[in-house]
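What you see below is based on every heavy atom in this structure, not just the backbone, and it leaves out hydrogens, waters and symmetry mates. Quick caveat, the model's predicted, so the values are computed rather than measured.
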Amino acid sequence: MNANRQYDLIVVGGGHAGCEAAMAAARMDLAVLLITGNVDRIGHLSCNPAIGGLGKGHMVREIDALGGCMARWADEAAIQARILNASKGPAVRATRAQMDRKIYLAAVQRDIFAQPGLLVHEDMVEDLLTANGCVNGVLTSLQQRFFAPAVLLTTGTFLRGHIHIGEKRYPGGRRGDAAAIGLSASLQRLGLCLGRFMTCTTPRILTASVDFHTMEEQPGDTPVPRFSKRGRSFGTPVLPQLSCHLTWTNEKTHAIIQKHLGRSPMYNGALPGVGPRYCPSIEDKIARFPDKERHQIFVEPEGINSPETYPNNIPTGLPLDAQIELLHSIPGLERCHVVRPGYAIEYDMVQPTQLAPTLEVKALPGLWCAGQINGTSGYEEAAAQGLWAALNIAAKAKGREAFLPGRDQAYMAVLTDDLITKGVSEPYRMLTSRAEYRLLLRESNADARLTPLGRRHGLVNDEDWALFEKKQSSLNLLMEELSGRRIRPDAILRDLCERLGEGAPATGMPLGQLFRRSNFSQEHMCELWPEFQNYPENTRIEAEISFRYAAYVEKQEAMAKRKLDANAILLPPELNYQDIPGLNAEAREKLSAIRPHSLGQAGRISGITPAALQCIEIQLKKLSRTVASD
């Protein structure tokens, strides 16, 4: 390894953000060096071996639409896949899949090591190198210096990480891996504001010691849902599918947790970091919801041949003896053997309001942050940020326009905008409710929203582009057919209306408008027009959504268009908010700290009123007149 070699990008960390970023940047012809503390853990699923879910599955589809990797890796390793909220509207339907932990890891490492232009080095980054106010390299624990105009930190939970199991506390980035100690001091020395967060993981138990017969079996869906367009179109092999199982905590479980609550690091003062609201520890659930009689426990497989099982919904920092006691109180787990204890981990993070929309640190050009270091929680959130950063690093290196889709174009845009505009006071998790245009941001149309953008930035290859064009052509043809074919009275229609208990539709109405009837399905469309079933399933689904929700989609598109006007008004980076008349102290303080890039982003900052936005607009007009007169 030539320590003095100049790279285009140095990625620090081999988790989900780092792997996605490194692969994307190398495929966009950047020379990339990935530095990680443990090469064997590249792509490791540190906590739950599952990918997707509400909001999260949407981002996995978006990553795939842009030409990223997570969806393909997930399809290759999926041992159980389901569509969540299948009975609800399309905006909140999402794919979730259990992974074979080892197969996923192997798929990631295979591609990382085979990718041209991407080199891997095992070491710990201890310091950042700077020149002329810009970050231009790193110094490792082995005193190696590597140089690049862009350094991307994807350090996960490793920055000054400390693991807690009850009263025991020791340094670690995760169990079995060393923490990154020196890098936090380097960031603080360079002026970055750091926070302290925490999260928990569950104990892993011996599969052979679980009594699954007393639990409720939960099989996956058939046919097996896939994340990637390639998995659906090119026949990626489907692994043997395993069931998950459902059991519940009870009064005895809760009493045990209450008895040991004072030994938990979250409750005895040993752990000051803020934990995730939407994935709390089991002791947090019992303490915060004392009236709830029971909590679901999903007992999930770790792999086809894995001897371990993952009891989801029991993340904990309790001592090992308390973990064993509470597990033995749960039906089906009375004799379970704990292979690995659950633990809490606290770590440093960078307050994301210090980042530009591209995820570059505003005060330190050349330094970028993505993933859990930005205060997020979850594999999918991390991978989305890694890809976002890589696209922008490549755009900057090649002199292209930045990759900045709007909140109406992508969940990853909602994620990024929330982080840089609002900051975080607790680990951020993507939820469908965070998106104001979620009917526009469906899993099913991720490619229509983002694949052309990925193509323009050089990440979508010819094969995937041809696949996208074929799908869009098929959809356009189907929409034309459904719009052009008219309803005519016949025996099939009369029989169908009688079975549905509805009156006959108006003669001459476009056939597709029948989807606006709530109980009209694709099966009914096949009865009236048999050729409908000749189109691919994803094309039929998207056509149905287009007709059924047309009015709602149009309303959200109109809302998004109105917001575009404010987003198009860019704010100069040097704008002095202290000099703008009419702004109150709170507005001046927040605007000066966050330095929004547009009037639209300024309006999304908490406490910034419409009156404050008017003051900013007036100031911009004054400045433009001054420049014009000069």
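- Side-chain contact, Thr376 with Gln385: a donor N or O sits under 3.5 Å from an acceptor N or O.
- A cation-pi arrangement, defined by a distance under 6.0 Å to the six-membered ring centre and an angle within 45 degrees of its axis, is present between Arg434 and Tyr428.
- Under the side chain to side chain donor-acceptor pair (under 3.5 Å) test applied with Lys471, the options Asp447, Thr539, Thr451 reduce to a single match, Asp447.
- Ion pairing between Arg456 and Glu401 fails under the 4.0 Å rule for side-chain N and carboxylate O.
- At a threshold of 4.0 Å, the pair Glu62-Arg449 counts as salt-bridged, since one of the basic side-chain nitrogens sits closer than that to a carboxylate oxygen.
- Considering only heavy atoms from C-beta on, Glu557 comes within 4.5 Å of Val553 through its side chain.
- Remark: Leu514 CG to Ile487 CD1 distance equals 3.5 Å, nearest 0.5 Å.
- Between Phe403 and Leu66 there is a side-chain heavy-atom pair separated by less than 4.5 Å.
- For Asp221 (side chain) and Ile83 (main-chain N/O), a donor-acceptor pair under 3.5 Å exists by modelled atom type.
- Taking the six-membered ring where the residue is Trp, Phe515 and Phe547 present tilted rings, their angle falling between 30° and 60°.
- For the pair Ile112 and Leu34, the tightest heavy-atom approach, listed with the atom from each and the gap, is CG2-CD2, 4.2 Å.
- Although no hydrogens or angles enter the test, the distance criterion places a donor-acceptor pair under 3.5 Å between the side chain of Trp388 and the main chain of Pro357.
- Taking all atoms of both residues into account, the shortest heavy-atom contact from Ala21 to Ala390 is O-CB, 3.5 Å.
- Within a 6.0 Å sphere centred on CG of Asp490, other residues, nucleotides and ligands contribute more than 12 heavy atoms.
- Between Trp73 and Tyr104, the ring planes are perpendicular. Angles over 60° get that label, and only those under 30° would be called parallel.
- By the 4.0 Å N-to-carboxylate-O rule, Lys396 lies close enough to Glu360 to be salt-bridged with it.
- Side chains of Glu308 and Ser306: a donor-acceptor N/O pair is absent below 3.5 angstrom, by distance only.
- Annotation for Tyr552: atom OH does not count as buried by contact number, only 12 or fewer foreign heavy atoms lying within 6.0 Å.
- Using modelled atom types and a 3.5 Å distance limit, the side chains of Gln218 and Ser243 yield no donor-acceptor pair.
- Note: Phe532 CZ to Cys526 SG = 6.0 Å, rounded to the nearest 0.5 Å.
- The minimum heavy-atom distance between Ile51 and Ala74, with the atom names listed, is CD1-CB, 4.1 Å.
- Checked for salt-bridge contact, Arg429 and Glu381 miss the test: no charged N lies under 4.0 Å from a carboxylate O.
- The backbone N or O of Ala78 sits nowhere less than 3.5 Å from a side-chain atom of Gln80 that would complete a donor-acceptor pair.
- Within 6.0 Å of the CZ atom in Arg516, the count of heavy atoms belonging to other residues, nucleotides or ligands exceeds 12.
- Contact annotation: the side chain of Glu217 never approaches that of Cys244 to less than 4.5 Å [non-hydrogen atoms, C-beta and beyond].
- Counting non-hydrogen atoms of neighbouring residues, nucleotides and ligands closer than 6.0 angstrom, the CD atom of Glu537 reaches no more than 12 such neighbours.
- One N or O on the side chain of Lys398 and one on the backbone of Met28 form a donor-acceptor pair closer than 3.5 Å.
- Enclosure of atom NZ in Lys102 is not indicated, since only 12 or fewer non-hydrogen atoms of other residues, nucleotides or ligands lie within 6.0 angstrom.
- A salt bridge links Arg604 to Asp417: one of the charged nitrogens lies within less than 4.0 Å of a carboxylate oxygen.
- To the nearest 0.5 angstrom, Asn461 atom CG is 7.5 Å from Arg455 atom CZ.
- Using a 4.5 Å heavy-atom cutoff, the side chains of Leu152 and Ile10 are not in contact.
- Gln601 has its side chain within reach of Ile420: a pair of non-hydrogen atoms, C-beta onward, lies under 4.5 Å apart.
- Between Glu380 and the choices Arg96, Arg61, Lys56, the salt bridge (charged side-chain N to carboxylate O under 4.0 Å, His left out) rule is met once, by Lys56.
- Rounded to the nearest 0.5 angstrom, Leu118 CG and Met23 CE are separated by 7.0 Å.
- Of the charged side-chain nitrogens involved, none lies within less than 4.0 Å of a carboxylate oxygen, so that Arg72 and Asp64 do not count as a salt-bridged pair.
- In terms of modelled atom types and a separation under 3.5 Å, the side chain of Glu20 and the main chain of Cys69 share a donor-acceptor contact.
- Note on Glu436 versus Arg407: salt bridge recorded, some NZ/NE/NH1/NH2 to OD/OE distance being below 4.0 Å.
- Checking side-chain atoms of Glu544 against main-chain N and O of Arg540 turns up no donor-acceptor pair under 3.5 Å.
- Using a 4.5 Å cut-off on side-chain heavy atoms (C-beta onward), Ile79 and Pro301 make contact.
- Side-chain atoms of Leu528 and Ile492, non-hydrogen and from C-beta on, do get closer than 4.5 Å to each other.
- Using a distance-only test at 3.5 Å, with no hydrogens or angles considered, no donor-acceptor pair links the side chain of Arg548 to the main chain of Gln513.
- Residues Trp368 and Leu355 form no side-chain contact, since every pair of their non-hydrogen atoms from C-beta on lies 4.5 Å or further apart.
- The environment of Gln522 atom CD is dense: over 12 non-hydrogen atoms of other residues, nucleotides or ligands sit within 6.0 angstrom.
- A donor-acceptor contact shorter than 3.5 Å links the side chain of Gln409 to the backbone of Gly406.
- Although no hydrogens or angles enter the test, the distance criterion places a donor-acceptor pair under 3.5 Å between the side chain of Thr416 and the main chain of Met412.
- With Tyr411 contributing its side chain and Leu431 its backbone, the two residues share no donor-acceptor pair below 3.5 Å.
- Ion pairing between a basic and an acidic side chain is recognised when a charged N comes within 4.0 Å of a carboxylate O; Glu122 and Arg41 show no such pairing.
- Considering Thr309, Asn313, Asn312 in turn, Thr309 is the only one that fulfils the side chain to side chain contact (heavy atoms under 4.5 Å, CB included) rule with Val299.
- Counting non-hydrogen atoms of neighbouring residues, nucleotides and ligands closer than 6.0 angstrom, the NZ atom of Lys470 reaches no more than 12 such neighbours.
- Considering every non-hydrogen atom in both Leu54 and Thr432, the closest pair reads C-CG2, 4.2 Å.
- Distance SG/Cys369 to CG/Leu153: 5.0 Å, rounded to 0.5 Å.
- Rounded to the nearest 0.5 Å, atoms CG (Leu391) and NE2 (His457) are 6.5 Å apart.
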